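Every heavy atom of this structure was used, including side-chain atoms; hydrogens, water molecules and symmetry mates were not. Throughout, a chain's letter reflects where its sequence line sits, starting with A, and its residues are numbered from 1. Bear in mind that the values here come from a model prediction, so they are computed numbers and not experimental data.
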Number of protein chains: 2
Amino acid sequence: MFSIGELAKQVEIKITTIRYYEQIGLIKEPMRSLGNQRRYNEAHIKQLRFAKHARELGFTLEAISSLMEMEATAKNDCGKIDQIAKQHLQHVKDKIVLLIKLQTELERMVSGCDNKCYVIESLSDHHLCTTEHKLTVLEDSKAR
Amino acid sequence: MFSIGELAKQVEIKITTIRYYEQIGLIKEPMRSLGNQRRYNEAHIKQLRFAKHARELGFTLEAISSLMEMEATAKNDCGKIDQIAKQHLQHVKDKIVLLIKLQTELERMVSGCDNKCYVIESLSDHHLCTTEHKLTVLEDSKAR
DNA sequence: TCTTGAAGCTCTAGTAACTAGAGCAATTAT
DNA sequence: ATAATTGCTCTAGTTACTAGAGCTTCAAGA
């Protein structure tokens, strides 16, 4: 049994984030001490490590929640689990393609600063662009 | 002079977004009709086109705001403008590197679904990973 | 000129995944 | 016993929008 502070150190997740995960139902509510403080066990460590790792790989909390549920109930429903992972993989791939286009465009902009500002000019006039670059697919994880 | 609806069509930005840009001070407040409706001119079109293009390239609204200000005041302060663009470029580059690592890891996970679920296993145990993948740098644009 | 339907207005709240702070209570160490 | 640390809840802020309620204004036709 450990406090939220100890848990936070163990798993390297901020205290506030742990409480947030509990609030949204991602992790199970822990026991409480007589004085109403949270008391955790090994199971919580496992759960949080799983969540942390998945977040680092860019899974959304929603996806993580699904994965956890599946793990807990039907160990063998490999199909759905794989589907979530594959979907995410595709998402990552799409994003890479897009970012490389952006990179190209930005490099072109930045390189040519001789007399007049090419950055401003490029931004003012889309026709100066060589590639298509629309952030249409994107929505992204924000982590630290 | 055109209404917000006409402007929205011209620049292909949603009405609500235009009002939002005004609210946060990204674009100038337009004149109003006698009945208090917004009336725009060519200058607003230019401003919004600029903003849209920059957003598509992944610049934050804050960066766009800075760029616009610089364009309006000191046409020749190419250094700062270039700095913002370069910074963004670096951000994009960093992200690409990271996403490629994630791609590797996810592909490894997904591929090996023979009997037991490798996805869950991998997520449960970080040591099974071959590359480092931490979304430490990330914070991302969300656009459409 | 009157009416009606489309378009516009403001204000509030919701999205994802947290983070920060106020103001108070419990725990731990001395 | 007391002080320092840690924990508690609740609220609000972050980014870049989007959606909806409830109301007003505009433009066009009868």
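Between B/I4 atom CD1 and D/dT25 atom P there is a gap of 17 Å when expressed in whole angstrom units. Between A/I18 atom CD1 and C/dC18 atom C1' the separation is 13 Å, expressed in whole Å. D/dT9 atom P lies 10 Å from atom CD of A/Q23, rounded to whole Å. B/M31 has its CE atom 14 Å from the P atom of C/dC9, to the nearest Å. Note: CZ (B/R19) to P (C/dA13) measures 18 Å, nearest angstrom. Following rounding to the nearest Å, A/I13 (CD1) and C/dA17 (C1') show an atom-to-atom distance of 13 Å. Whole-Å rounding puts the B/E56 CD to D/dC17 C1' distance at 15 Å. Across the protein-nucleic acid pair, B/R32 atom CZ and D/dC26 atom P stand 12 Å apart, rounded to whole Å.
The side chain of A/T17 contributes an N or O atom lying less than 4.0 Å from OP1 or OP2 of C/dT19. The phosphate of C/dA7 (OP1 or OP2) has no side-chain N or O of B/S3 nearer than 4.0 angstrom. For C/dC18, the OP1/OP2 oxygens have no side-chain nitrogen or oxygen of A/K14 closer than 4.0 Å. Remark: A/Y21 is in phosphate contact with C/dC18, judged by side-chain N or O atoms under 4.0 Å from OP1 or OP2. Distances shorter than 4.0 Å separate some side-chain N or O of A/R55 from OP1 or OP2 on C/dC18. The phosphate of D/dC8 has OP1 or OP2 within less than 4.0 Å of a side-chain N or O from A/R38.
Within the 4.5 Å cutoff, side-chain heavy atoms of A/Y20 are placed close to those of A/L61. Counting heavy atoms from C-beta on, the side chains of B/L106 and A/F59 come closer than 4.5 Å. Counting heavy atoms from C-beta outward, A/M68 and A/I64 have side chains that approach closer than 4.5 Å.
Salt bridge present: B/E107 and A/K93 bring a charged side-chain N and a carboxylate O closer than 4.0 Å. Between A/K9 and A/E6 there is no salt bridge, since none of the side-chain N atoms of the basic residue sits less than 4.0 Å from a carboxylate O of the acidic one. Ion pairing of A/E22 with A/R38 is present here, as a side-chain N (NZ or NE/NH1/NH2) and a carboxylate O approach within less than 4.0 Å.
Of the listed nucleotides (D/dT9, C/dA17, C/dG8), C/dG8 has the atom at the smallest distance from the side chain of B/I15. Residue A/Y20 places its side chain closer to C/dA17 than to any other of C/dA17, D/dT18, D/dC8.
Applying the side chain to side chain donor-acceptor pair (under 3.5 Å) test to residues at least two apart or on different chains, the pairs with a partner in residues 40-51 of chain B are B/N41-B/H44.
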Contacts under 3.5 Å, N or O only, protein and nucleotides 26-30 of chain C:
{"from": "C/dT27", "atom 1": "OP1", "to": "A/S33", "atom 2": "OG", "distance (Å)": "3.0"}
{"from": "C/dT27", "atom 1": "OP1", "to": "A/G35", "atom 2": "N", "distance (Å)": "3.1"}

